[in-house]
Engineer: 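Have a look at this one before I ask anything.
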Amino acid sequence: MAIRDPRVDQYIAKSAEFARPILAHVRECVHAACPKVEETIKWGMPYFVYQGNLCGMAAFKQHCAFGFWKRQLIKPAGKGDGDAMGQFGRITALSDLPSAKVLAGYIKQAMALNEAGIQPPKTPSKKPTLAIPDDLVAALKRNRKAAAVFEKFAPSHRREYIEWLTEAKRAETRERRLATAIEWISEGKQRNWKYMNC
């Protein structure tokens with residue numbers, strides 16, 4: 001029996017007007033194709049779980065996205081990997097999605113992959129390790145707690161802070177970001193902690 005999460009109802013209700021029918025349609029398609037699916041919120045967006053992560057959807061200011069957890073193994077006809085996080089490109093209207101029947105076929109593919117325990121091939125990280133800027137090194141030396149946390153961060157979390165700091169165009173902005181970064185790091189927070197599901 002499917003499990004519906006009231007937080008998904010809230011997510012849809014709070015989304016932009018254009019997004020609501022898209023999200024509601026995708027939700028119903030997933031439930032129709034996978035009657036035992038469970039809903040949840042992961043990474044701040046609706047996610048569907050069936051013997052593991054199945055697929056997820058999200059609404060943004062001007063488009064929606066829908067994609068499968070094992071996206072490398074499910075290639076929609078005529079589509080590449082899509083943009084953003086979805087496989088169907090920027091969805092701005094129901095007409096941007098395949099028919100419910102075609103969508104059900106993709107959902108059933110994803111279900112079969114989960115049932116068989118098939119995992120997508122791991123792709124090595126393409127991003128080289130970034131050098132830690134001197135001002136960040138100096139600030140970490142002054143704050144042992146932040147330094148200890150930063151040392152334990154995954155490379156991706158370190159990169160997020162380094163990129164955020166180095167992308168500042170003005171010196172004042174960089175100084176402000178550096179102070180904020182040290183505060184957040186000492187609290188054990190990743191750069192995008194505000195957007196993570198608590």
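Predicted model, so just to flag it, every value in this text is computed and none were measured.
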Engineer: Is it the case that Q87 and Y106 place a side-chain donor and acceptor less than 3.5 Å from each other?
Structural biologist: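 Judged by distance alone, the side chains do not pair up.
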
Engineer: Between F150 and L136, is any pair of side-chain heavy atoms under 4.5 Å apart?
Structural biologist: yes

Engineer: Would you compute the distance between atom OG of S95 and atom CD1 of I22 and round it to the nearest 0.5 angstrom?
Structural biologist: 8.5 Å

Engineer: Check the pair R90 / D96 against salt bridge (Lys or Arg N to Asp or Glu O under 4.0 Å), numbers first and verdict last.
Structural biologist: CA-CA 8 Å; R90 296 169 59 85; D96 293 335; over 6 Å; no

Engineer: Atom CZ in F153, atom CZ in R158: separation rounded to 0.5 Å?
Structural biologist: 9.5 Å

Engineer: Could you tell me how the ring of Y47 sits relative to the ring of W69: parallel (under 30°), tilted (30 to 60°) or perpendicular (over 60°)?
Structural biologist: perpendicular

Engineer: Distance-only criterion, 3.5 Å: show the donor-acceptor pairs between side-chain atoms of residues 51-62 and protein atoms not counting sequence neighbours.
Structural biologist:
{"from": "N53", "atom 1": "OD1", "to": "K42", "atom 2": "NZ", "distance (Å)": "2.5"}

Engineer: Looking only at heavy atoms, which two atoms of I162 and A131 are closest? And how far apart?
Structural biologist: CG2-O, 3.9 Å

Engineer: Among pairs that include at least one residue of residues 24-34, which meet salt bridge (Lys or Arg N to Asp or Glu O under 4.0 Å), considering only residues two or more places apart or in two chains?
Structural biologist: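 Sorted pair list: R4-E28, D9-R27, R27-E39.
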
Engineer: Nearest 0.5 Å please: distance from the OG atom of S186 over to the CZ atom of R144.
Structural biologist: 14.0 Å

Engineer: Kindly indicate whether the side chain of Q72, heavy atoms from C-beta on, has any atom under 4.5 Å from the side chain of Q119.
Structural biologist: no

Engineer: Taking the side chain as everything from C-beta on, heavy atoms only, tell me whether P133 gets closer than 4.5 Å to L165.
Structural biologist: yes

Engineer: In this structure, would W43 and I41 fall into the same cluster of hydrophobic residues linked by side-chain contacts under 4.5 Å?
Structural biologist: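 Yes: a chain of side-chain contacts under 4.5 Å links W43 to I41.
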
Engineer: Could you go step by step and tell me if I185 and Q190 meet the side chain to side chain contact (heavy atoms under 4.5 Å, CB included) rule?
Structural biologist: CA-CA 7 Å; I185 293 168; Q190 298 168 11; over 6 Å; no

Engineer: May I ask you to test the L23-F66 pair for a side-chain heavy-atom distance under 4.5 Å?
Structural biologist: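 No. Closest side-chain heavy atoms not under 4.5 Å.
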
Engineer: Would you name the heavy atoms of L113 and K70 that are closest together and state the gap between them?
Structural biologist: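 Here L113 and K70 meet closest at O-NZ, 3.7 Å.
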
